[in-house]
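Counting begins at 1 with the first residue of the sequence.
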Amino acid sequence: MRLRTHAAYALSYRRPVYGQRWNTQLCKLHPRASTLPSSSPSRLAAAGVSTTSAAQRKKVMFPGALNSVYTHELQFASNVESIPTYQVMDTDGNVLDAANEPQVSREEALHIYKNMHMLNAMDQVLYEAQRQGRISFYMTSFGEEALIGSAAALDSGDLVFGQYREAGVLLHRGFTIEQFMNQCYSNERDLGKGRQMPVHYGTRELNFQTISSPLATQIPQAAGAAYAMRRDGSKKCAVCYFGEGAASEGDFHAGLNMAATLGCP
């Protein structure tokens with residue numbers, strides 16, 4: 001399906017983007033996609049400001065997708081100038097299709113929001129620690145905090161195969177800041193006993209497969225784990241995260257082919 005989709009339900013928050021600031025609102029947008037400024041077309045018109053620019057902002061202001069427009073309908077797209085960007089909620093916080101209303105409680109929304117900020121704060125501390133030479137390696141999740149929304153949609157028993165920027169999934173599942181620090185500093189309290197590079201998290205208790213350095217190796221592994229779940233009659237599923245680099249590897253095609261032909265959950 002050729003749609004540029006937002007990966008998860010999440011909370012956007014105020015942060016500078018190209019000189020603008022984002023609205024503080026519950027939304028389902030990836031943090032790296034921009035939203036409308038706080039002034040709606042009606043408020044702009046009331047202030048005597050042209051609303052033409054407000055209408056134009058319905059386009060996705062994201063590098064590589066400047067001509068993409070938002071859509072709330074999932075459908076195959078072909079022969080289009082730019083792939084549409086799927087969204088569940090508009091930039092004013094209104095659900096576009098009632099059937100997609102997530103029914104997220106205030107408590108759950110706040111929990112997701114707090115974890116997004118916690119992840120961002122932890123990244124700043126550990127990134128600075130790496131730049132100071134205190135740890136040998138670190139990868140931040142800046143701009144990808146919204147993946148915590150995808151973690152919130154999973155059951156605790158679902159098996160996760162991640163790459164470098166899925167610390168938010170672990171954080172949402174209950175991995176503590178102390179455990180993150182233990183792993184990155186490779187001390188005696190690290191679950192991996194200091195045998196892995198920093199950021200290569202893993203925990204059997206939280207069903208998070210240990211991260212490996214090579215790109216895309218987790219894709220066929222996730223397909224194999226899902227196939228085993230299917231054979232066992234389990235209701236669980238395997239979840240695999242990867243980026244653009246991994247999608248260019250041979251493992252990507254092999255893993256997806258296996259998952260599709262075997263009906264892996």
Side-chain angles (χ1 to χ4, degrees), residues 4-10 30-33 62-64 112 115-116 118-120 122-124 126-127 129-130 135-154 156 158-175 177 179-186 190-192 194-227 229 236-260 264-265:
R4 192 185 308 275
T5 62
H6 298 304
Y9 297 124
H30 193 288
R32 288 195 295 184
F62 182 82
I112 295 172
N115 280 338
M116 288 176 64
M118 181 69 74
L119 176 61
N120 187 273
M122 182 184 76
D123 274 349
Q124 293 181 37
L126 288 173
Y127 176 75
Q130 190 276 327
I135 58 177
S136 61
F137 179 80
Y138 194 73
M139 297 285 282
T140 69
S141 299
F142 292 147
E144 300 190 24
E145 294 88 347
L147 64 84
I148 292 178
S150 64
L154 302 175
S156 59
D158 293 334
L159 188 58
V160 177
F161 292 79
Q163 192 64 58
Y164 291 127
R165 305 184 191 277
E166 282 70 55
V169 177
L170 270 173
L171 183 63
H172 187 79
R173 287 194 164 194
F175 208 65
I177 296 298
Q179 287 176 306
F180 281 113
M181 295 295 175
N182 290 339
Q183 199 285 324
C184 287
Y185 280 86
S186 301
D190 171 27
L191 296 179
R195 301 187 181 101
Q196 284 279 10
M197 288 176 60
V199 193
H200 290 53
Y201 310 113
T203 165
R204 178 179 297 179
E205 179 183 3
L206 300 178
N207 294 304
F208 192 99
Q209 184 71 24
T210 302
I211 295 169
S212 55
S213 294
L215 291 181
T217 56
Q218 73 274 21
I219 302 175
Q221 293 169 3
Y227 183 53
M229 294 174 185
K236 302 176 184 177
C237 71
V239 182
C240 185
Y241 294 88
F242 57 90
E244 295 178 1
S248 299
E249 298 287 340
D251 287 352
F252 168 79
H253 301 281
L256 264 63
N257 184 58
M258 181 178 178
C264 302

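- Not counting sequence neighbours, the partners of Cys237 by the side chain to side chain contact (heavy atoms under 4.5 Å, CB included) test are Asp158, Val239, Pro265.
- Counting heavy atoms from C-beta outward, Leu159 and Lys236 have side chains that stay 4.5 Å or more apart.
- Not counting sequence neighbours, Ala254 has no partner by the side chain to side chain contact (heavy atoms under 4.5 Å, CB included) test.
- Closest of all the heavy-atom pairs between Cys264 and Ala223 is SG-O, 3.5 Å.
- The stretch residues 249-258 participates, sequence neighbours left out, in no side-chain hydrogen bond (donor to acceptor under 3.5 Å, both in side chains) pair at all.
- By the side chain to side chain contact (heavy atoms under 4.5 Å, CB included) test, Leu206 pairs with Leu170, Arg173, Phe175, Thr203, sequence neighbours left out.
- Considering only residues two or more places apart in sequence or on other chains, Asp123 meets the side chain to side chain contact (heavy atoms under 4.5 Å, CB included) condition with Leu119, Tyr138, Thr140, Ser141, Phe142.
- The stretch residues 212-223 participates, sequence neighbours left out, in these side-chain hydrogen bond (donor to acceptor under 3.5 Å, both in side chains) pairs: Gln163-Gln218, His200-Ser213, Ser212-Thr217.
- Surrounding OH of Tyr185 are more than 12 heavy atoms belonging to other residues, nucleotides or ligands, all under 6.0 Å away.
- Minimum interatomic distance between Ile112 and Ala152 (heavy atoms only, all atoms of both residues): CD1-CB, 4.0 Å.
- Taking all atoms of both residues into account, the shortest heavy-atom contact from Phe161 to Ala225 is CZ-CB, 3.7 Å.
- Counting non-hydrogen atoms of other residues, nucleotides and ligands closer than 6.0 Å to CE of Met118 gives a total of 12 or fewer.
- For Val199 against Phe137, the heavy-atom pair with the smallest separation is CG2-O, 4.0 Å.
- Side-chain atoms of Gln183 come within 3.5 Å of backbone N or O of Met197 as a donor-acceptor pair.
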